[in-house]
Structures are given as structure tokens and as C-alpha cells.
Amino acid sequence: MFATVGARTLAGSRTVARTAAITRAFSTSMSRNEVKNVTVFGAGLMGAGIAQVLADVGKYNVTLADVTDKALANGQGIIAKSLSRIAKKKMADKSPEEQEQFVKSVVDSIHVTTDAAKAVESTDLVIEAIIENMKIKKELFSFLDSKAPAGAIFASNTSSLSISEVASATKREDRFGGFHAFNPVPQMKLIEIVRTSQTSPETHETLVEVAKRMGKVPVSCKDSPGFIVNRLLVPYQLEALRLVERGVASPEDVDTAMKLGAGYPMGPFELADLVGLDTMEHIAQGWRESVAGTEDMPADLVKESPMLKQLISEGRLGRKTPEKGGFYQYKK
């Protein structure tokens, strides 16, 4: 009898365990907002790249929005060129016509519009990738907040601005987070998923799942100046500049030292040229004006670099200005 009762108890325990597991799985799936339609604002390199991967890899219904038809046409051109490079590598055994059809099918699947309200009327997720200007970002999100469905999630691709402050322009701070992709988006695997003190667990988990569906590797972090990558990277690059300014070593030797001594794929000056000297200074300047000197960031960490300012004043921004170069010279 004891054996019978024990067997029944064991069977009952297993049933309870299975029920609990099913309940947990169901709760987890229901806790995430289902995303089918994604709207990307900003048709520049970042916005176009995000839209491309969302449509091609993620298979989402994507709308790309910007303020002018010219900007949208430029974004479509960026996407087409990127997809052409991908097609040549992944479809090398296919004919040029088949490769062209693949490119066209993805580009055509991305709806484009200059009507911001229409762009979000049935969206599940908005990803903003416009100019790194707090005022403009807040104005955009404030407008979209009154046009998008109440349950839609908002996210900013900002690399350095406060997600909390951007989100404060809306009434959906619990459905707002950071979604920081890296350029070039189709090739770079990382996306920083940034949560504020108001971001709900469901919103955070949804953004993580979107990144995974895009074939990316998401990392999570709290809303803090520079998040993870830029918080470490920009001060590192500025310190490299100070080494050169003090005459300790040349840019070439610093780059070589970091590649061969630290195992970095690129040195700080090569990377600065790739990212853009103006972008690097813009991030540092933003920090100097907002958080430098607080407990979040020592002032010396991002103090001005005379060499960097001089290069920027001369229009030497790196690879984006091949005719002038940056720390190095490049062929047009």
C-alpha cells in the first residue's frame, strides 16, 4: 500500500511539476510583447542598417521613415549596396539575376514614408536612429507618443545620450528602452539593450528577443553614460590622444602596441578614423556638458584634446573624409 501511495504521490508530483513548467513557459511567452511591425526613424547609415537586418534576417514588417524623399532614397541605396555585397558572398553559386532579385525583394519589402504619424499607426516597436540631439529626439518621441498604439514599445539607438531623459518626453516610460546597434549594422553582432529605472521587464525582454531574431548578440545594461562600449572606448581613445600630445609615442606606434600587445584588432587611432573624429568629439563634448565632474564620470576622463579639435577644424574626420584623412591618409 505504501508503494502504491508513493507511486501516486510521485506521479502527482510529476504532474504538478509539468503543470508548473507549462505555466512558467506560458507566462514568459505572454510577458513579452509580440512584435510584428517595426518602424525605424532615420534613413542614414544606422537607421538603414537596422531596417535592413530587421527585414532580411528578422523577417519583420518594416517601415523606414525620414523627413524627405531624398533621405529615404539615400537609405534605400545604402540598403541595396549592403545587400549586394551580402548576395555576392552568400549567393556566389547563384546567377547575377538571382542575386539582384534577392536584393530587390528585401528593399521592396521595406515600406518608406515621410508621414511620421502614418508610420506608427499600427506599429509594435519604434526604433529611433536620427541625429544625436536630445531636443530633436524628445520632440520626435513626444509627437509619436500621441500617434502610436498605446502598447507599442519605443527605443532609441543613441550611443551616448540618456535614455531616461529621452523617454521623459513620453507617457510610456515603462515601454521605453535603449537599442544601441553598431555600425555597420549588418556585420556587427552586438546590440546594447539599455533599461532605465522605469523600463518594464516585459519591455526589456521584448527588445532582447528582437535583437536575437535579428541574429545579433544582445547585452543588457542600465542607463548610464556611454552604456558599456562607449563608456570604455571613448576615454581609452582620448587617453591615447594624450599620450601622443605629450610626445610619448606616435599614433602608429600606439596602434601597433595595442594590436600586438593587447590583442586588439584595431588600434585606438585606426578605430577613431573608422568611427569618425567628429563622432568621437561629439560624444565626449556631450559628456563634458552633462555628466563630467559628477560621481558618474570624473572630469579628467573626457577633457578636451587640442589635437582632436585641430584635426576636426581642418575637416580631417577620418575615413569619411578620404580626401583629407584623419590620423591616417586614405585613397579616395
Side-chain angles (χ1 to χ4, degrees), residues 34-66 68-114 119 122-130 155 157 159 179-193 206-219 229 264-266 270-271 273-276 279 318-320 322 330-332:
E34 185 177 7
V35 174
K36 294 182 179 179
N37 305 313
V38 185
T39 304
V40 179
F41 276 88
L45 279 174
M46 293 304 300
I50 292 170
Q52 173 190 323
V53 180
L54 283 166
D56 178 29
V57 181
K59 306 303 180 185
Y60 288 104
N61 300 321
V62 181
T63 297
L64 181 61
D66 212 313
T68 66
D69 289 330
K70 181 178 180 181
L72 290 170
N74 180 66
Q76 289 176 307
I78 291 171
I79 294 170
K81 288 180 182 178
S82 175
L83 288 169
S84 293
R85 289 191 292 269
I86 291 173
K88 287 179 181 178
K89 290 182 179 180
K90 293 187 175 182
M91 301 175 65
D93 59 332
K94 304 295 183 181
S95 68
E97 291 74 21
E98 288 175 297
Q99 293 179 20
E100 289 177 11
Q101 180 55 41
F102 159 72
V103 173
K104 186 176 186 302
S105 67
V106 177
V107 173
D108 288 351
S109 75
I110 300 173
H111 178 67
V112 295
T113 183
T114 57
S122 60
T123 195
D124 301 309
L125 169 64
V126 172
I127 300 176
E128 166 271 315
I130 64 173
N157 183 62
S159 61
F179 194 85
H180 180 216
F182 290 77
N183 186 45
V185 180
Q187 286 76 42
M188 296 292 280
K189 298 294 290 184
L190 181 68
I191 293 184
E192 292 177 320
I193 307 298
T206 298
L207 293 176
V208 167
E209 289 303 312
V210 169
K212 288 180 178 179
R213 186 165 154 181
M214 292 169 67
K216 304 303 183 184
V217 178
V219 294
V229 175
Y264 286 20
M266 301 179 73
E270 292 173 315
L271 187 56
D273 271 4
L274 178 64
V275 172
T279 300
R319 289 185 176 274
K320 66 174 69 177
Y330 304 93
K331 294 181 180 178
K332 294 183 180 181

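If you're wondering where the values come from, they're calculated on a predicted model, not measured in any experiment. By convention here, the first residue in the shown sequence is residue 1.
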Partners meeting side chain to side chain donor-acceptor pair (under 3.5 Å) with [X] (sequence neighbours left out):
X      : value
Asp66  : none
Glu98  : Ser95
Asp124 : none
Glu128 : Lys137, Ser156

Mind jotting down which residue pairs meet the salt bridge (charged side-chain N to carboxylate O under 4.0 Å, His left out) criterion with at least one end in residues 102-111? Sequence neighbours excluded, please.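 Listed by first then second residue: Lys104-Asp108.
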
Ala181 backbone acceptor or donor facing Asn157 side chain under 3.5 Å: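 Present.
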
Sidechain-backbone polar pair: Lys189 side chain, Gly215 backbone, donor-acceptor under 3.5 Å: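 Pair found, side chain donor or acceptor close to backbone of Gly215.
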
Would you sort out whether Leu54 and Ile127 count as a side-chain contact (heavy atoms from CB on, under 4.5 Å), showing the intermediate values? CA-CA 11 Å; Leu54 283 166; Ile127 300 176; 4.2 Å; yes

Sequence-distant partners of Lys59, salt bridge (charged side-chain N to carboxylate O under 4.0 Å, His left out), two or more places apart: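 Expected list: none.
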
Rounded distance [0.5 Å steps], [atom1] in [X] versus [atom2] in [Y]:
X      : Y      : atom1 : atom2 : result
Asn74  : Leu45  : CG    : CG    : 8.0 Å
Gln101 : Lys94  : CD    : NZ    : 13.0 Å
Asn61  : Ile110 : CG    : CD1   : 11.0 Å

How close do [X] and [Y] get, heavy atom to heavy atom, and via which atoms?
X      : Y      : result
Leu64  : Ala43  : CD2-CB, 3.9 Å
Gly58  : Arg213 : O-NE, 2.6 Å
Met188 : Lys216 : O-NZ, 2.8 Å
Ile193 : Phe179 : CD1-CD1, 3.6 Å
Gln99  : Met91  : NE2-O, 2.9 Å
Met214 : Ile50  : CE-O, 4.1 Å

For [X], give me all partners under side chain to side chain contact (heavy atoms under 4.5 Å, CB included), at least two apart in sequence or on another chain.
X      : value
Thr113 : Thr63, Ala65, His111, Asp115, Ala119
Lys212 : Val208, Glu209, Pro218
Val275 : Leu271, Thr279
Val219 : Leu190, Glu192, Ile228

Residue pair Leu125, Tyr60: steps toward the side-chain contact (heavy atoms from CB on, under 4.5 Å) verdict: CA-CA 11 Å; Leu125 169 64; Tyr60 288 104; over 6 Å; no

For Phe182, what residues pass the ring pair (Phe, Tyr, Trp, His ring centres under 6.0 Å) criterion, not counting sequence neighbours?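 Result, ring pair (Phe, Tyr, Trp, His ring centres under 6.0 Å) vs Phe182: His180.
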
Only one of Val107, Val106, Val103 clears side chain to side chain contact (heavy atoms under 4.5 Å, CB included) with Asp56; which?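 Going through Val107, Val106, Val103 one by one, the side chain to side chain contact (heavy atoms under 4.5 Å, CB included) with Asp56 is satisfied by Val106 alone.
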
Going by atom type alone, with no hydrogens or angles, which donor-acceptor pairs under 3.5 Å involve a side-chain atom of residues 76-83 and a protein atom two or more places apart or on another chain?
residue: Ser82; atom: OG; partner: Gln52; partner atom: OE1; Å: 3.0
residue: Ser82; atom: OG; partner: Gln52; partner atom: NE2; Å: 3.1

